[in-house]
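Only this structure's heavy atoms are used, side chains among them; waters, hydrogens and symmetry mates stay out. The shown structure was predicted, so the numbers you read here are calculated from the model rather than taken from an experiment.
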Amino acid sequence: MLARARLEDPAEAVAYAMLRRLLAADPGLRDRAREPGAAVVVEVPDAEWVAPVAETWRMLVRGTEEIPLDGDDDQERPYRRMTKVDPAWAEFRRDGTGRGQRRDDGNGSVRTILAAGRPLYGFSPSPARFLPSDLLRVATATLVVGPPDPAALAEAATMLTGTEPVTSHVPAEAARLVGVGDLWLARRPGQDADAYLERLAELASQRLVARPVTLGDLHGMDEAVRWGKDVARDLADYGSGSLTWRDVDRGAVLVGPTGIGKTTFARALAADCGVLLVTGSLGQWQGARDGHLGTTLGAMRETFEAARKAAPCILLVDEIDSFGDRASFRSRDRDYSVQVVNAFLEELDGATGREGVVVVGCCNDASRLDPAILRPGRLERLIRVPLPDQTALAAILRHHLGGDLPGADLSQLALAGLGSTGAEAESWVRGMRRRARRARREPTLADLEAELRGRRPNPAKEFLRRTAIHEAGHAVATALGRPGALVSATVQASGDRFGQVLWTPRDGADTPFTRAALAALLRETLAGRAAEEELLGEASAGSGGGEDSDLATATRLATAAVTALGLDRGGGALVWRGLPAAADVPGLLAARPDVAHRVGSMLDAAYAEARALVRRHRVAVRSLADLLVARETVPGAEIESLVAGCPPGASPPTRPGAGRRGRRDRT
């Protein structure tokens with residue numbers, strides 16, 4: 001039992017509670033740890049816990065005030081003969097902040113101490129990075145102490161105050177973030193256990209917002225998180241010497257829209273692995289000093305060298321698609337660009353190696369990647385990160401809300417926000433808090449909804465009805481053409497969007513892109529305009545506009561079918577003319593009247609089919625438009641049920657929501 005004087009140190013009191021529990025769970029551990037030549041590794045929550053845990057271990061396991069042999073002090077004379085006057089046991093306390101705390105430092109001391117039959121203990125927040133590698137190789141026991149939990153904090157409060165807690169506790173989410181400083185800051189003379197825990201909970205809750213993001217906090221990127229957890233386990237095994245580097249994944253490329261959380265994933269991966277995150281990008285390297293080739297390549301080498309020195313670590317290469325594909329470089333800058341890509345490939349697997357460095361690349365467009373980047377031994381995996389679904393978006397909102405809006409049902413907001421990124425969800429939460437600060441009150445769900453909707457005024461009834469007809473046309477065409485793919489339809493205004501239909505490949509599987517699949521996709525893309533013309537008498541300009549508009553998308557698809565995909569009919573259909581980027585399509589069509597004629601014919605045929613589809617299913621389109629006006633967002637499964645219940649040529653059913661038509665209040 002600890003002496004009473006020791007219980008005046010709150011960190012040692014918590015360490016006592018946690019260690020006592022571990023020893024009770026393994027009754028023979030204390031005796032094994034005292035045997036001659038025993039080697040025990042103790043992992044602690046962070047650097048501040050090294051000393052409290054080590055001091056408490058000495059009292060609980062050694063039962064003595066004897067000063068141990070410091071393995072780091074003895075490094076100057078490795079392999080020396082130890083005498084009877086030397087301490088009966090030894091330890092390493094490594095928090096990662098001092099010099100000489102690398103895996104190769106201290107191995108000589110480990111061998112000398114264990115050969116002399118002395119028990120040896122190592123304490124560190126990251127044993128694989130900071131403790132001698134030989135100690136990890138021969139460890140007879142490995143313990144993980146903490147982080148603190150509510151029970152350990154309550155037991156410590158009792159030891160510190162001499163009273164039992166009755167009404168107060170530290171919530172589990174906050175308890176694991178309690179630091180040594182918090183334990184001291186919560187102390188006041190004469191307080192009881194409840195007062196101490198209440199103050200401690202308040203201090204720890206402040207850390208909830210600032211704590212590092214981990215893989216467990218990421219939602220909607222399941223494949224990436226699974227890979228990240230595998231890497232974390234493998235790096236830990238590599239650090240302990242039980243896994244060789246050749247068996248560890250060298251890296252991966254994450255592909256997805258801007259704001260989806262790709263760089264956040266890299267930070268979370270580093271946090272889970274307990275290693276440093278090193279960052280770089282082609283733009284950063286080219287921006288170093290004069291931007292000449294030699295300077296750019298030198299900056300790249302410096303980043304990789306920094307990663308090798310910090311190994312094991314995670315190296316994030318952002319916007320990795322900016323390197324480009326060597327096969328597509330133009331002659332004007334080809335030599336420069338090829339040398340940059342070659343230098344990058346050499347860093348990935350060249351003679352200098354990168355043992356212990358896991359590289360994570362991020363990009364928006366995988367088609368621009370040089371295939372050599374993904375070859376075995378380099379980055380190997382291509383992981384697509386989709387937009388979050390309803391469940392993931394609700395979880396992302398809850399994460400960013402922290403302690404705000406406890407218990408609020410976020411499912412409907414998440415449904416309305418489908419198609420948005422995690423970055424957008426974070427901006428809604430910031431805006432919600434800003435609204436509340438200006439009004440000098442607590443945030444409300446209405447504040448969050450107002451941010452999601454943006455600052456647009458309520459649309460006029462005529463505009464809302466037209467938007468609903470337009471989106472209903474898209475949704476019905478998708479439900480008919482690809483059952484199971486539809487996610488939702490909405491007339492909710494968000495950012496530059498006044499409405500949208502979301503779909504996903506069925507079961508996440510790739511399907512052959514045939515001429516029939518192209519025709520179906522063109523019909524779906526043009527069905528919104530077709531619905532306006534069939535049901536309202538004329539179409540608006542809503543299908544046109546920028547590169548993301550319906551007309552631009554359909555034109556780009558048809559152009560690719562003619563120039564690159566071999567899906568056109570007639571003479572010359574098999575001639576490959578190149579896959580054009582969106583920005584190049586107008587110029588290509590202007591320069592090639594023959595291609596423009598084929599594209600125009602393809603679009604005319606698809607539009608005629610879209611109008612015929614809307615005429616056959618006008619009842620379903622109208623019914624869905626009524627639902628969208630009433631509720632703004634309708635899930636895909638409900639849309640498919642509605643379409644199935646309105647066969648072609650059927651009489652209009654009773655309009656859903658009749659007699660209670662209305663919209664949610666807008667702030």
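- Taking 4.0 Å as the cut-off between side-chain N and carboxylate O, D249 and R381 count as a salt-bridged pair.
- Proximity of a side-chain donor or acceptor of E640 to a complementary backbone N or O of G484 within less than 3.5 Å is detected.
- D626 has a carboxylate O that lies under 4.0 Å from a charged side-chain N of R465, or vice versa, which qualifies the two as a salt bridge.
- Using modelled atom types, one side-chain atom of R515 and one backbone atom of L567 make a donor-acceptor pair closer than 3.5 Å.
- Using modelled atom types, one finds no donor on one side chain facing an acceptor on the other under 3.5 Å when comparing T391 with D389.
- Residues D217 and T214 have side chains that bring a donor and an acceptor to within less than 3.5 angstrom of each other.
- Panel note: side chain D321, backbone L369; no donor-acceptor pair is recorded below 3.5 Å.
- Tested against D447, the residues R433, R441, R434, R435 include a single side chain to side chain donor-acceptor pair (under 3.5 Å) partner, R441.
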Item to check | side-chain contact (heavy atoms from CB on, under 4.5 Å) between Q500 and V491, intermediate numbers included | outcome: CA-CA 7 Å; Q500 64 176 339; V491 291; over 6 Å; no
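- Between T258 and N364, the side chains place a donor N or O and an acceptor N or O closer than 3.5 Å (distance only, hydrogens not considered).
- R267 and T264 share a side-chain donor-acceptor pair at under 3.5 Å.
- Judged by distance alone, with hydrogens and angles left aside, the side-chain atoms of E534 form no donor-acceptor pair with the main-chain N or O of A531 at under 3.5 Å.
- In terms of modelled atom types and a separation under 3.5 Å, the side chain of H400 and the main chain of V429 share no donor-acceptor contact.
- The side-chain heavy atoms of R482 and L521, taken from C-beta on, include a pair separated by under 4.5 Å.
- Taken from CG in L418 to CG in L502, the straight-line distance is 5.5 Å, to the nearest 0.5 Å.
- Note on R529 versus E533: salt bridge recorded, some NZ/NE/NH1/NH2 to OD/OE distance being below 4.0 Å.
- With sequence neighbours excluded, no residue forms a salt bridge (charged side-chain N to carboxylate O under 4.0 Å, His left out) with R375.
- The backbone N or O of G578 sits less than 3.5 Å from a side-chain atom of T563, completing a donor-acceptor pair.
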Item to check | Worked verdict on D370 versus F344 for side-chain contact (heavy atoms from CB on, under 4.5 Å) | outcome: CA-CA 11 Å; D370 192 298; F344 181 61; over 6 Å; no
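- Using a 4.0 Å cut-off between charged nitrogen and carboxylate oxygen, E380 and R250 do not count as a salt-bridge pair.
- At least one donor-acceptor pair under 3.5 Å links the side chain of K262 to the backbone N or O of G256.
- Residues S281 and E319 have side chains that never bring a donor and an acceptor to within less than 3.5 angstrom of each other.
- Put simply, the side chain of L415 reaches to within 4.5 Å of the side chain of P635, judged on heavy atoms.
- Looking at heavy atoms from C-beta onward, P388 lies out of side-chain contact with M221 at the 4.5 angstrom threshold.
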